[in-house]
Amino acid sequence: MKIDMLASRKPWLIRNATSLVTLASVAAYILFIQWFWGWGDILARWQEAGWQTLLIAMLLLLSTYVLRTWRIHDYFPRETAGHFRRLLRLVQVHNLLNVMMPFRSGEVSFPLLMKKEFSVSLPRASAALLVMRLLDLHALLAAAGFGLALEKGHALAWLLWLVFAAAPALGFGVRRPLFRLLHGVLPVRLEKILTEVEAGLPVDGLAFFRAWGVTLINWAVKVAVLAWVLVLLGDLTLGPAFGGALGGELSSVLPVHAPGGVGTYPAGITAGALGFGADHAEGALAVLGKAAVNAHLLIIVSSVVGTLLSMLVARGGAGER
């Protein structure tokens, strides 16, 4: 209570600094797009591709949010039983904060929301989030590694990729001896935290493989949708489009993420596409830049739409059990 009172006495600008930086960044991004390309030129690409393409891409991206919600529900089945709609809203709010807040600071909202909505302890929710984010990052890096191994075609490249691809299963397999070792050397104060971290892991091998499998499906759908959009809007072949989709998503899961992904997400798409063989000519780069901006806008709009829909769904299921 005292902390809340002290926080409320801070100047309004300080209390809302992060939100203001985000809004300023988005506003600057809107003005930059208008100045550099013009919004009419940007949106014309969707008209050329067909608005039904936008609708299909949006629906597929929205489906990934349901997959993410199921993954968390499967992590905390007892706490979230009968409350899937509320959990969907929580996941969407968390996702939107992640998209809009700088430096992945939106991640902090997940354990806070899980504690508020489902009485999950902060250490346990944070541990589960850490495991899920490691699985997310691994899936993206494994996809990038697959592309590189395919390009190189060497037996050693494929062997290294297979070892890396299997790393999550290997790590989960040695968790018990590792935790036994840590329990024997850590101070008493850290023992409780370690117990919570251990509780944040999947309960058994089946639960782990469900979480891992859903993670792979989720990212396969999202990367495929973004690659498809880049093929249509950026005049790219499949390889560079795949690299662009990976580059954009990697920029969003790393700490360099700017407010709203402004600048960093399109830059990640461009870098990824160029790294996978996109044309470096000036005209091709201009088309790629527009496609990268459109893909970024698709991510933002789908996050906002998903959040609004989840709020409506949660309100409709207020009495679910």
Does a side-chain heavy-atom distance below 4.5 Å link D279 with V287? no
Are side-chain heavy atoms of L140 and V223 found at a separation under 4.5 Å? yes
Show your reasoning for whether side chain to side chain contact (heavy atoms under 4.5 Å, CB included) applies to I299 and E249. CA-CA 10 Å; I299 293 297; E249 286 305 304; 4.2 Å; yes
Any side-chain heavy-atom pair from N95 and T307 closer than 4.5 angstrom? no
4.5 Å side-chain heavy-atom contact, L141 and L250: yes
Check ion pair R124-E79 (N to O, under 4.0 angstrom): yes
When the ring planes of W212 and F208 are compared, do they come out parallel, tilted or perpendicular, using 30° and 60° as the limits? tilted
Sequence neighbours left out, what passes side chain to side chain donor-acceptor pair (under 3.5 Å) with T53? Give chain and number order. none
Test item: Y65 and S303 side chains (from C-beta on) under 4.5 Å apart, heavy atoms: yes
For side chain to side chain contact (heavy atoms under 4.5 Å, CB included), just list the numbers for L148 and W161, CA-CA rounded to whole Å, side-chain angles, deciding distance to a tenth of an Å, and then say yes or no. CA-CA 9 Å; L148 292 174; W161 179 81; over 6 Å; no
Non-hydrogen side-chain atoms of P168 and L135 separated by less than 4.5 Å: yes
By salt bridge (charged side-chain N to carboxylate O under 4.0 Å, His left out), E107 pairs with (sequence neighbours left out) R104, R133
Which residues share a side chain to side chain donor-acceptor pair (under 3.5 Å) with R71, sequence neighbours left out: D136, T215
Pairing residues for T64 by the side chain to side chain donor-acceptor pair (under 3.5 Å) criterion, not counting sequence neighbours: none
Donor-acceptor contact present, side-chain S63 to main-chain L60, <3.5 Å: yes
Please tabulate, for side-chain N and O atoms in residues 228-242, each donor-acceptor pair with protein atoms closer than 3.5 Å (sequence neighbours left out).
none

Applying a strict under-4.5 Å side-chain criterion to I, L, V, M, F, W and Y, I'd like to know whether L88 and V221 cluster together. no
Determine yes or no for a side-chain-to-main-chain donor-acceptor pair under 3.5 angstrom, with R89 supplying the side chain and V313 the backbone. no
Could you tell me if R210 sits above the aromatic ring of Y75, with its cationic atom closer than 6.0 Å to the ring centre and no more than 45 degrees from the axis? no
Taking side chain to side chain donor-acceptor pair (under 3.5 Å) as the test, write out the residues that go with N218, two or more places apart. none
Centre of F179's six-membered ring, under 6.0 Å away, within 45 degrees of the axis: is that where NZ or CZ of R175 sits? no
Expected output: side-chain H138 to main-chain F164 donor-acceptor under 3.5 Å: yes
Side-chain contact test, heavy atoms from C-beta onward, threshold under 4.5 Å: evaluate it for L90 versus R85 and give yes or no. no
Quick one, F146 with W158, criterion ring-ring contact (aromatic ring centres under 6.0 Å, His included). Give me CA distance, side-chain angles, the key distance, then yes/no. CA-CA 8 Å; F146 181 84; W158 283 112; 5.4 Å; yes
